[in-house]
Structure formats: C-alpha cells, structure tokens
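Both counts, for ligands and for their atoms, begin at 1 and track the order of listing.
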Amino acid sequence: MHTVVVGTQKGGSGKSTLATGLAVAAMEDGQRVGIIETDPQGTVSKWGRRRTNPEPRIARVSTPIEIERALLFLRRDGYTLAMIDTAPTDNALSVSAYNAADLCLIPARPSPADIEAALPTLDAIRKLDKPFAFVLNQSPARSFRLSEAAMALNAVGVLALPYIVQRNDHQDALGAGLGVTEFAPEGKAAEEIRGLWSWVLKKLTTESFNHEQTPIRAVS
Ligand SMILES: Nc1ncnc2c1ncn2[C@@H]1O[C@H](COP(=O)(O)OP(=O)(O)OP(=O)(O)O)[C@@H](O)[C@H]1O
Ligand SMILES: [Mg+2]
C-alpha cells in the first residue's frame, strides 16, 4: 500500500479538494483507496457523507496512534492507496502524517507569496527526508506563465504536473460528494486530475522518476 499525504500549513490551498479528487481518480484507475482525515474541520468526512458510494473508505483521526491504526486497517483490508488529508498547520499530528508518507504533496497557488507560505511545511517534510512535490493549484486558466519560483521547483523535479487550473467543477464536485472525475468526467478539471494522478502513481512506482526533470505541460 502506498501512502500519499496532502499537506501545507497554508489554509485554503486545495488540500481537501486534491485529496478527494485524486482519491476518486485513483479508484477509477483500479486502486482501492482510503482517505485518512486529520483535519478537525472535517471537509473530507462531510464530503463522504454526501456520497452514495461507500468508497473511498474515510477514517477521521485525531492522534498519531490513530493514524497508524487507520493505516494498519487499510493495509489489512487490502487497500492499495491511503491518502491523508491534513489540517492547515504543521502540528504534531500533521508531522506524524508526513512521517507516514511515501510521497507528500504540497498544494500552493502559483504565486511567490503562496509558495513561500508553504516553506515551513517543506522544512518539516525535509527534516523527515520524505519525497515531496508541489502541486500548483487554482492557477489562472489562460496565458499563465509559471513564476520563477515555480520554474525553479520544476527544474529540480519537485513540481507535480500538470498544474491544476481554477475551475468551478472542483467546487461543485466537493459540494456534490463526488470526485471531479465523477462529477464531469469529460471536463478539463477531470483531465487535469487524472493527469496528476498518473504523475503521482509514476512517482510512487518509479524510483528514477524521483530526480527526473519533467516537462511543463498545461491543459488550458
Ligand atoms: N482548482 C480549484 N478550482 C476551483 N476551486 C478550488 C480549486 N481548488 C480548491 N478550490 C476551492 O478552494 C477552497 C479551498 O479548498 P480546500 O478546502 O480544498 O483547501 P484546503 O487546503 O483543504 O483548506 P484548509 O486549509 O482549510 O483545509 C474550496 O472552496 C475549494 O472548492
Ligand atoms: Mg482541507
């Protein structure tokens, strides 16, 4: 079982949106997926209550031991992917989640200020020596030029691609209790999330991919 953690202390950057969107895209790709939610705001469990499909399995946890137990149960029950959605803080619970990760995804809006706001999280993740990648989320749709900060992330192979454009489908899917690939399967938001899931899967399964430089490709 692979464990992917979506984390950044910066609020509203898209952790829960990406966690739910990627979880469903992974399910559609044949994974058995559980989401572990460490955020007391409960965005993912509220989303789960709006679903009719019991998958992905959702577990709310509030202590590091509960994270371990939830991971153990998922592994025991044959799940292949655990996605952990964290709160907008690098508290002890978030750090325990980062520590359980095979890959940490750090969502950030593509502005220098927003990328800077994620740096404390990056420090916490690097102290644990965990693989990580930034996901540029809520990017403007057209004529978007990557900032120098984002180019630098790409150059050192820690930018997940494609970047995710600001699109209503994400908000509507969250509200409807659906993954964006369920909500509007033919839409561009779904296409981007499927692309991001492919990137994540490749990162999880290909060792040499970790330091590979990836081309920048936008879906506009
Ligand atoms: N790519 C996107 N396009 C449009 N809206 C988005 C996108 N990503 C996130 N949003 C919206 O932005 C808001 C914040 O997203 P979300 O709740 O996923 O962030 P978060 O990082 O989990 O927040 P918190 O730090 O409070 O947990 C939500 O209303 C969500 O629907
Ligand atoms: Mg959230």
Side-chain angles (χ1 to χ4, degrees), residues 4-25 35-51 56 58-62 67 82-91 93-95 97-98 101 104-111 113-122 124-125 132-142 144 146 150 159-185 187-197 199-200 217-220:
V4 174
V5 176
V6 189
T8 173
Q9 56 140 27
K10 172 85 176 149
S13 51
K15 295 177 285 294
S16 305
T17 302
L18 293 173
T20 52
L22 285 172
V24 171
I35 307 182
I36 298 171
E37 178 177 53
T38 70
D39 184 357
Q41 291 182 102
T43 309
V44 171
S45 38
K46 287 175 195 154
W47 170 82
R49 285 199 284 278
R50 294 191 285 273
R51 286 179 71 72
I58 296 166
R60 288 193 80 176
V61 300
S62 51
I67 296 180
M83 184 76 66
I84 308 185
D85 182 38
T86 59
T89 157
D90 294 323
N91 64 11
L93 191 57
S94 294
V95 171
Y98 306 150
C104 297
L105 293 178
I106 307 172
R109 287 173 194 248
S111 76
D114 284 78
I115 292 172
E116 263 169 31
L119 294 183
T121 300
L122 178 59
I125 291 168
F132 64 89
F134 282 82
V135 178
L136 296 183
N137 186 36
Q138 303 179 57
S139 303
R142 285 175 206 287
F144 166 56
L146 281 181
L159 181 60
L161 292 168
Y163 55 79
I164 304 299
V165 170
Q166 166 107 30
R167 298 188 193 281
N168 290 340
D169 280 357
H170 290 287
Q171 298 177 14
D172 295 344
L174 202 64
L178 296 170
V180 75
T181 53
E182 294 171 317
F183 179 78
K188 287 179 175 160
E191 185 185 339
E192 287 165 2
I193 289 291
R194 279 192 292 264
L196 183 61
W197 163 244
W199 191 97
V200 167
R217 184 179 68 88
V219 181
S220 59

In Å, rounded to the nearest 0.5 Å, how long is the span from [atom1] of [X] to [atom2] of [Y]?
| X | Y | atom1 | atom2 | answer |
| --- | --- | --- | --- | --- |
| K15 | I106 | NZ | CD1 | 11.0 Å |
| D90 | Y98 | CG | OH | 4.0 Å |
| S16 | K46 | OG | NZ | 10.0 Å |

Looking at [X] and [Y], what are the two nearest heavy atoms and their distance?
| X | Y | answer |
| --- | --- | --- |
| G21 | I193 | O-CG2, 3.5 Å |
| L178 | W47 | O-NE1, 3.1 Å |
| L161 | W199 | O-CB, 3.3 Å |

### Query
Backbone, side chain, both or neither: what part of D85 comes under 4.0 angstrom of ligand 1, heavy atoms only?
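Within the 4.0 Å criterion, D85 makes no contact with ligand 1.
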### Task
Please state which part of R167 comes within less than 4.0 Å of ligand 1, counting heavy atoms only: side chain, backbone, both or neither.
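Just the backbone.
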### Task
Evaluate the criterion side-chain contact (heavy atoms from CB on, under 4.5 Å) for residue pair L196 and Y163; output intermediate values, then yes/no.
CA-CA 8 Å; L196 183 61; Y163 55 79; over 6 Å; no
### Query
Would you call V165 a ligand 1 contact, heavy-atom distance under 4.0 Å?
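Heavy atoms of V165 do come under 4.0 Å of ligand 1.
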Can you pull out the closest protein heavy atom to [atom]? Residue, atom name and distance to 0.1 Å, please.
| atom | value |
| --- | --- |
| atom 8 (N) of ligand 1 | N137 ND2, 2.9 Å |
| atom 7 (C) of ligand 1 | Q138 CG, 3.4 Å |
| atom 25 (O) of ligand 1 | K15 NZ, 2.8 Å |
| atom 31 (O) of ligand 1 | Q171 CG, 3.1 Å |
| atom 19 (O) of ligand 1 | G14 N, 3.0 Å |

Could you tell me which atoms of ligand 1, counted from 1 in the order shown, lie closer than 4.0 angstrom to a heavy atom of [X]?
| X | result |
| --- | --- |
| G12 | 14 (C), 19 (O), 20 (P), 21 (O), 23 (O), 24 (P), 25 (O), 26 (O) |
| P88 | 25 (O), 27 (O) |
| I164 | 1 (N) |
| D39 | 27 (O) |
| G11 | 25 (O) |

### Query
Protein N/O/S atoms under 2.8 Å of the Mg ion (ligand 2)?
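Listed by chain and number, the atoms are S16 OG.
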#### Entry: Verdict with reasoning, I67 to I84, per side-chain contact (heavy atoms from CB on, under 4.5 Å)
CA-CA 9 Å; I67 296 180; I84 308 185; 4.1 Å; yes
### Query
Given V5 and T86, is the side-chain contact (heavy atoms from CB on, under 4.5 Å) satisfied, shown in steps?
CA-CA 8 Å; V5 176; T86 59; 3.9 Å; yes
N/O separation below 3.5 Å, [X] to ligand 1:
| X | answer |
| --- | --- |
| Q41 | yes |
| N168 | no |
| L18 | no |
| T43 | no |

### Message
Against V135, only a single residue in V200, L22, L18 fulfils side-chain contact (heavy atoms from CB on, under 4.5 Å); can you say which?
### Response
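The single option meeting the side-chain contact (heavy atoms from CB on, under 4.5 Å) with V135 is L18.
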### Message
Using side-chain heavy atoms (C-beta onward) and a distance below 4.5 Å, is T121 in contact with F132?
### Response
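They are not in side-chain contact.
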### Query
Can any side-chain N or O of K10 pair as donor or acceptor with the backbone N or O of A108 at less than 3.5 Å?
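A pair under 3.5 Å: no.
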### Message
Strictly distance-based, threshold 3.5 Å: is any side-chain N or O of N91 a donor or acceptor partner for the main-chain N or O of S94?
### Response
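Side chain of N91 to backbone of S94: a pair is present.
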#### Entry: Electrostatic pair R51:E182 at N-O distance under 4.0 angstrom
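A salt bridge is present here (some side-chain N lies under 4.0 Å from a carboxylate O).
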#### Entry: Heavy atom of protein inside 4.0 Å of atom 13 (C) of ligand 1, strictly below
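False for atom 13 (C) of ligand 1.
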### Query
Any idea which of L136, T17, T8 brings a heavy atom closest to atom 16 (P) of ligand 1?
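Heavy atom nearest to atom 16 (P) of ligand 1 belongs to T17.
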